[in-house]
Number of protein chains: 2
Amino acid sequence: MNASLQTHRYLLQFSIKPSVQRTAVMDYLMKNRTHPTIDEIYTALSPSMPTLSKTTVYNTLNLFIERGAVQALVIDEKNARFDVDTSSHAHFICKSCGKVHDIFNLKPELFEIPQHPNFTIHSVEISYSGLCNACKES
Amino acid sequence: MNASLQTHRYLLQFSIKPSVQRTAVMDYLMKNRTHPTIDEIYTALSPSMPTLSKTTVYNTLNLFIERGAVQALVIDEKNARFDVDTSSHAHFICKSCGKVHDIFNLKPELFEIPQHPNFTIHSVEISYSGLCNACKES
DNA sequence: TCCTATTTTATAATGAGTACAAAGATATGA
DNA sequence: TCATATCTTTGTACTCATTATAAAATAGGA
Ligand SMILES: [Mn+2]
Ligand SMILES: [Mn+2]
Ligand SMILES: [Zn+2]
Ligand SMILES: [Zn+2]
């Protein structure tokens, strides 16, 4: 089974019509678990899809989020970042290099949705920040 | 003891020279625990300080954050939001009206900084999102 | 008062994201 | 196959938050 076929199926699960562009973007997210920005996605795909428009990347990601196929992270004040892994995990952003990493294996209680009289809570995002080892040394 | 004097002292604790503008901004944050945006702060202060520049509000908040006197929240993708309460508490943003509220009384374990071999973690931010009661009804 | 460093200000520039309308692609039914 | 309607992509223009820059104002010490 080739990768594009898997991606195809994944999109259909979320009622997303798998156009060439959408498939390419989703495929990129599947293979690059670095929480890329719109610009990173566009820059990576652009050489092999010369007619791709950055607007399409925006449109595509907005659609993916609307349908729940990807998660938007707000950990980085500069750019939105995207994650196909919608399972419960936290993120770390290095204040020096700006890279965003996964933090797995935290206690599941951290991701529980609390009850609150004034709000209906739908989701939780846990974000850590500091310095990565590479940046700490220099 | 008047409010401005308290604010004065608070700023000095963080080695911030208490100019008229800085005192006004900090005073506003002390009295308005609504996690205001730059624009909200500027709009609120502007009538009583007609010469105030929005750049000054930016400069001032950047200084406060640098010195640790306030906390910047990244819960809202549209604007930075600011909080004088630097104690461990979480936030909720309503996806409809955009207001940001405090959530206190969560288990203290939630705010513990985990150990990780690859990162030196300095801070944690816990953000919930959903709908507030007012928005849910309409 | 004079000098210097700090702070504030107005303006211009940057850059992420959205709005819009035209062009292109795809599906459907005769 | 053709005609047509719908969906998707694209380029451009625009909005708006934030930063850069340099001049003006201010404060404080000699
Ligand atoms: Mn992740
Ligand atoms: Mn708060
Ligand atoms: Zn780093
Ligand atoms: Zn609301």
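The shown structure was predicted, so the numbers you read here are calculated from the model rather than taken from an experiment. We name chains A, B, ... by the order of the sequence lines, and we start the count at 1 in each one.
In this structure, the CZ atom of B:Phe64 is 12 Å from the P atom of C:dT7, given to the nearest Å. In this structure, A:Phe82 atom CZ and C:dG17 atom C1' are separated by 10 Å, rounded to whole Å. Rounded to an integer number of Å, the gap from B:Asn62 CG to C:dT6 P is 18 Å. Rounded to an integer number of Å, the gap from A:Ile38 CD1 to C:dA16 C1' is 10 Å. Separating the CG atom of B:Asn79 from the C1' atom of C:dA16 is a distance of 13 Å, rounded to the nearest angstrom. In this structure, NZ of B:Lys54 is placed 14 Å from P of C:dT9, rounded to the nearest angstrom. Per the geometry, CG belonging to B:Asp76 stands 14 Å off C1' belonging to C:dG17, to the nearest Å. Remark: P of C:dA16 and CD1 of A:Ile41 are 14 Å apart, rounded to the nearest angstrom.
Hydrophobic clustering, defined by side-chain heavy atoms of Ile, Leu, Val, Met, Phe, Trp and Tyr closer than 4.5 Å, groups B:Ile103 together with A:Phe92, A:Ile103, A:Leu106, A:Leu110, A:Phe111, A:Ile113, A:Phe119, A:Ile121, A:Val124, A:Ile126, A:Tyr128, B:Phe92, B:Leu106, B:Leu110, B:Phe111, B:Ile113, B:Phe119, B:Ile121, B:Val124, B:Ile126, B:Tyr128.
Taking every nucleotide of DNA chain D with any atom under 4.0 Å from a non-hydrogen atom of chain B, the first and last of them, 5' to 3', are D:dA17 to D:dA20.
Within the 4.0 angstrom heavy-atom criterion, only backbone atoms of the sugar-phosphate kind lie near B:Thr51; the bases stay farther away. Using a 4.0 Å heavy-atom cutoff across all strands shown, B:Thr55 reaches at least one base atom of the nucleic acid. Heavy atoms of A:Ser19 sit under 4.0 angstrom from primed sugar atoms or phosphate atoms, though from no base atom.
Between A:Lys54 and A:Asp39 there is a salt bridge, with a side-chain nitrogen of the basic residue lying less than 4.0 Å from a carboxylate oxygen of the acidic one.
Of the two residues contacting DNA chain C, namely B:Lys78 and B:Leu52, the nearest-nucleotide position lying further toward the 5' end is that of B:Leu52.
For the atom pair CD of B:Glu137 and CG of B:Leu131, the computed distance is 11.0 Å after rounding to the nearest 0.5 Å. Here the CD1 atom belonging to B:Ile38 is positioned 12.0 Å from the OH atom belonging to B:Tyr42, to the nearest 0.5 angstrom.
Proximity of A:Asn59 to the phosphate of C:dA19: no side-chain N or O atom is located under 4.0 Å from OP1 or OP2. Distances shown here put a side-chain N or O of B:Gln21 below 4.0 Å from the OP1 or OP2 atom of C:dT9.
Between B:His122 and A:Gly130 the shortest heavy-atom distance is ND1-CA, 3.5 Å.
Side-chain atoms of A:Thr34 and A:Asn32 include no donor-acceptor pair closer than 3.5 Å.
With a 4.5 Å cut-off on side-chain heavy atoms, B:Asp85 and B:Phe104 count as touching.
B:Leu63 and B:Leu12 are members of different hydrophobic clusters when ILVMFWY side chains are connected at heavy-atom separations under 4.5 Å.
For the helix from C:dT1-D:dA30 to C:dA30-D:dT1, the rotation axes defined at the first and last 5 base pairs enclose an angle of 10°, given to the nearest 10°.
Screening B:Asp83, B:Asp76, B:Asn79 against B:His35 for a side chain to side chain donor-acceptor pair (under 3.5 Å) leaves a single residue, B:Asp83.
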